[in-house]
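A short worksheet on the structure shown next.
Heavy-atom basis, side chains included; hydrogens, waters and symmetry copies ignored. A note on names: the letters A, B, ... follow the listed sequences, proteins ahead of strands, and every chain is numbered from 1.
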There are 2 protein chains.
Amino acid sequence: MKHETDPDDAEPTSGPQTAGGEAVLRGKATINDVARLAKVSKKTVSRVINESPFVKQKTRDAIKAVIAELGFTPDPQARALARRKSFLVGLVYDNPSPQYVVNIQRGILDALEGTDFQLVLHPCDRSKPDHVARIQSFIQQHKPFGLILPPSVSEDEPLALALNEADVDYVRIASVELDTPSRMIRTLDGDGGAAAGRHLADLGHRNIAHIHGPLSFRSTHERRAGFERALAEAGLVLRPDMAVEGGYTFEGGVAAAEHLLAQPHPPQAIFAGNDEMATGAYVAVRRAGFRIPEDISIVGFDDTPIAGRLWPALTTVRLPIREMGSAAATLLLQTADGMTTKKLITFSPEIIVRGSTAAPEGTEAT
Amino acid sequence: MKHETDPDDAEPTSGPQTAGGEAVLRGKATINDVARLAKVSKKTVSRVINESPFVKQKTRDAIKAVIAELGFTPDPQARALARRKSFLVGLVYDNPSPQYVVNIQRGILDALEGTDFQLVLHPCDRSKPDHVARIQSFIQQHKPFGLILPPSVSEDEPLALALNEADVDYVRIASVELDTPSRMIRTLDGDGGAAAGRHLADLGHRNIAHIHGPLSFRSTHERRAGFERALAEAGLVLRPDMAVEGGYTFEGGVAAAEHLLAQPHPPQAIFAGNDEMATGAYVAVRRAGFRIPEDISIVGFDDTPIAGRLWPALTTVRLPIREMGSAAATLLLQTADGMTTKKLITFSPEIIVRGSTAAPEGTEAT
DNA sequence: TTCGAAAATGTCACCGGTGTCAATCCTAAT
DNA sequence: ATTAGGATTGACACCGGTGACATTTTCGAA
């Protein structure tokens with residue numbers, strides 16, 4: 001005697017006790033309850049849940065009504081087991097800037113809201129030799145529906161290769177086309193760098209320095225290349241001794257700026273590859289006794305929250321990070337709908353002029 | 001004829017094809033593979049996986065050897081289905097300070113590293129009337145192993161009540177004992193506020209203002225109470241017009257500080273309830289043309305990364321947020337080990353004196 | 001009216017574990 | 001040598017869905 005195969009199963013017999021008659025949300029209804037009440041097989045219910053087109057409209061409506069009445073929601077674990085695919089979206093990151101990560105998270109969460117998917121965090125350390133293996137084992141165990149890879153993880157080609165082998169979808173967020181093809185969110189970092197360069201050149205600066213990120217980040221090169229291009233268009237060049245690495249970190253920014261200021265001809269303006277380093281530059285510049293922007297102009301990149309919190313507020317190149325995260329998640333979920341339409345979404349940076357840049361003293365802007 | 005009950009099942013017969021003889025990591029071994037090779041029932045393997053004490057040492061060793069050889073890891077989804085409990089730890093938050101959240105995340109991830117658990121993010125909006133229901137439905141669907149509730153979600157008593165009904169474990173991070181009993185991480189925010197007050201009083205400030213958080217946060221009251229206590233010990237009082245709310249946000253901090261500076265007797269020092277608001281105070285103070293710390297001293301609370309990035313660096317009350325997150329996760333996982341030892345872990349804040357505070361002009365510190 | 005292919009629905013095993021309870025194995029006590 | 005009772009281990013159903021494939025409807029064409 002399993003379930004009662006009684007004749008009167010037309011009544012909402014068993015299942016959660018229906019006291020008066022109102023729908024019951026207690027104890028969680030299962031697909032079996034729905035099937036019984038709708039008098040169809042659980043497979044058909046399953047079809048309705050999964051939006052299969054092979055269900056007669058009338059049947060579908062009836063089942064949906066029962067689902068609504070019971071407040072039924074399919075069990076993610078059971079589905080995951082049967083499908084060999086969970087409802088988790090993994091964010092795999094290794095990024096020195098916490099602000100960047102939070103915003104990506106927010107964007108992803110925006111897109112995931114209302115879906116069956118959940119965001120799981122999976123930080124990694126690319127400097128460890130086994131980082132790819134760790135991610136592989138994460139995938140093998142948890143079978144995430146997909147992964148989102150922001151920089152610099154997105155630029156990890158060995159990882160991409162491994163991911164292609166493994167059975168996961170993923171969307172990468174990066175500033176360039178990458179070797180391994182995949183769906184991606186692309187940012188035109190070069191344009192951003194160019195905008196920064198143009199802005200400073202337009203203000204009349206001639207002696208401009210650049211603090212860039214780690215050479216292992218593609219964005220480092222993109223931003224610098226765009227920047228140099230703009231300088232060139234203004235008839236300027238980035239002197240080798242005016243380009244210093246700052247590791248995309250605050251501390252790196254401080255050190256790099258100190259180095260620049262110690263030069264025989266300190267720069268009038270500094271373009272930092274991200275806001276963190278720009279913030280570091282603020283500190284170094286102040287420590288050295290210079291004023292911002294009167295003595296030295298500073299431009300950042302990313303427009304993370306700190307940019308607006310500094311004094312004076314930081315002129316920076318805005319990247320719509322949250323929107324990018326959201327777009328990445330949306331792209332990833334498209335597969336779920338079956339329609340794999342877009343494969344690449346491009347975002348353009350935009351310069352946000354605030355208080356940290358001005359024409360050099362005794363000069364007028366162009 | 002289910003499994004082959006053949007005589008020669010001593011050989012590693014089926015399972016993943018053992019080509020030469022080396023262990024196979026492909027295609028993920030299951031508990032059945034392990035059971036077959038170890039010549040025991042899958043239930044016994046299950047016992048070993050779950051550290052059941054009722055397995056003979058010899059059997060256990062043999063099974064462990066097979067597990068190692070096969071590189072077997074149990075499937076979280078299958079376990080979750082059978083146990084009606086997933087391996088997810090949910091972080092439910094609604095906190096205006098992103099820095100706080102990131103650090104909690106980091107701490108949790110530190111503790112979860114190496115365990116079978118994954119961290120899923122579950123932001124919520126306490127101002128929405130259905131926020132408790134949403135969390136309930138999240139729990140019902142995903143059956144998280146446990147939740148971690150930082151402020152201000154931790155102070156949500158209706159939520160706590162609902163959680164007690166539901167079948168979830170949770171650890172709260174808060175600054176006071178709460179009505180509903182539960183395991184928790186507690187911070188002595190009062191002591192922190194007192195440290196800030198003492199520091200400013202010791203420097204010789206007499207006219208001290210306070211920008212506090214939303215009244216709906218317990219920490220707001222704790223911090224203020226401690227602060228006032230310290231002032232009282234120094235023979236000072238916090239005048240009502242010198243206490244303004246700043247919503248724990250940057251913008252709120254700016255507005256609150258502007259309000260304070262517009263008073264007939266602007267304060268010589270400001271204690272902000274968190275670093276975000278302190279950062280806002282920096283901006284307002286500068287806009288008004290005052291210097292920090294020469295004209296006005298500022299103290300923050302939390303010691304989030306921005307504190308060290310400001311110029312001058314912010315004197316603040318440090319809360320070991322990351323460690324707290326880690327402790328919360330550890331507390332949560334204790335249940336997993338069966339031994340529910342500690343129920344409360346207390347962290348004490350500590351004042352970090354940096355460049356934003358100094359004796360008022362023309363005065364010497366005590 | 002009849003027939004065949006497409007449309008709709010159902011059957012049944014299985015995903016990879018765990019819970020319950022029965023069966024078997026030991027070991028010390030009789 | 002027996003035997004009771006705890007220590008181990010196994011059998012089997014089940015968690016709540018999905019996949020592959022079989023079966024039944026449905027409906028236009030012959």
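- Between the CG atom of D116(B) and the C1' atom of dG17(C) there is a distance of 13 Å, given to the nearest Å.
- When the options K343(A), R172(A), R183(A) are evaluated for a side chain to side chain contact (heavy atoms under 4.5 Å, CB included) with L331(A), the one that passes is R183(A).
- For the pair Q77(B) and K43(B), both in contact range of DNA chain C, the more 5′-proximal nearest nucleotide belongs to Q77(B).
- Residue K56(B) places its side chain closer to dC26(C) than to any other of dC15(C), dC26(C), dG17(C).
- OP1 or OP2 of dT9(D) lies within a sub-4.0 Å distance of a side-chain N or O belonging to T59(B).
- No engagement by S52(A) is indicated, since no non-hydrogen atom pair under 4.0 Å with the nucleic acid exists.
- Here S41(B) does not reach the OP1 or OP2 of dA11(D): none of its side-chain N or O atoms lies under 4.0 Å away.
- Among the heavy atoms of the strands, none lies under 4.0 Å from V45(B).
- Rounded to an integer number of Å, the gap from NZ of K143(A) to C1' of dT18(D) is 14 Å.
- In this model, the phosphate group of dG17(D) is not approached by any side-chain N or O of N32(A) to a distance below 4.0 Å at OP1 or OP2.
- Nucleotide dG10(D) holds its C1' atom 17 Å from the CZ atom of R36(B), rounded to whole Å.
- Distance from the side chain of V55(A) is smallest for dT9(C) among the nucleotides dG17(D), dG19(C), dT9(C).
- Protein atom CZ of R84(B) is 19 Å distant from nucleotide atom P of dG16(C), rounded to whole Å.
- Considering every non-hydrogen atom in both P144(B) and S86(B), the closest pair reads CA-OG, 3.5 Å.
- Nucleotide dG10(C) holds its C1' atom 13 Å from the CD1 atom of I31(A), rounded to whole Å.
- Annotation for N164(B): atom CG counts as buried by contact number, over 12 foreign heavy atoms lying within 6.0 Å.
- Both A82(B) and V40(B) lie near DNA chain D, and the one whose nearest nucleotide falls closer to the 5' end is V40(B).
- Atom-to-atom, CD of Q57(A) to P of dA7(C) comes out at 16 Å; the value is rounded to the nearest Å.
- Between T30(A) and P53(B), it is P53(B) whose nearest contact on DNA chain D lies nearer the 5' terminus.
- Between atom CD of residue Q141(B) and atom NZ of residue K143(B) there is a gap of 8.0 Å, rounded to the nearest 0.5 Å.
- R83(A) places its CZ atom 6 Å from the P atom of dT18(D), with the value rounded to the nearest Å.
- Closest-nucleotide positions on DNA chain C for A78(B) and R47(B) were compared, and the one nearer the 5' end corresponds to A78(B).
- Distances shown here put a side-chain N or O of R79(B) below 4.0 Å from the OP1 or OP2 atom of dT18(C).
- Put simply, T44(A) has no side-chain N or O that comes within less than 4.0 Å of OP1 or OP2 on dT9(C).
- By the neighbour-count criterion of 12 heavy atoms within 6.0 Å, atom CG of D130(B) is densely surrounded, having more than that number from other residues, nucleotides or ligands.
- Between H131(B) and D156(B), the side chains place a donor N or O and an acceptor N or O closer than 3.5 Å (distance only, hydrogens not considered).
- Contact annotation: side chain of K42(B) to base of dG10(D), donor-acceptor pair absent below 3.5 Å.
- Going from atom CZ of F54(A) over to atom C1' of dA8(C) covers 10 Å, rounded to whole Å.
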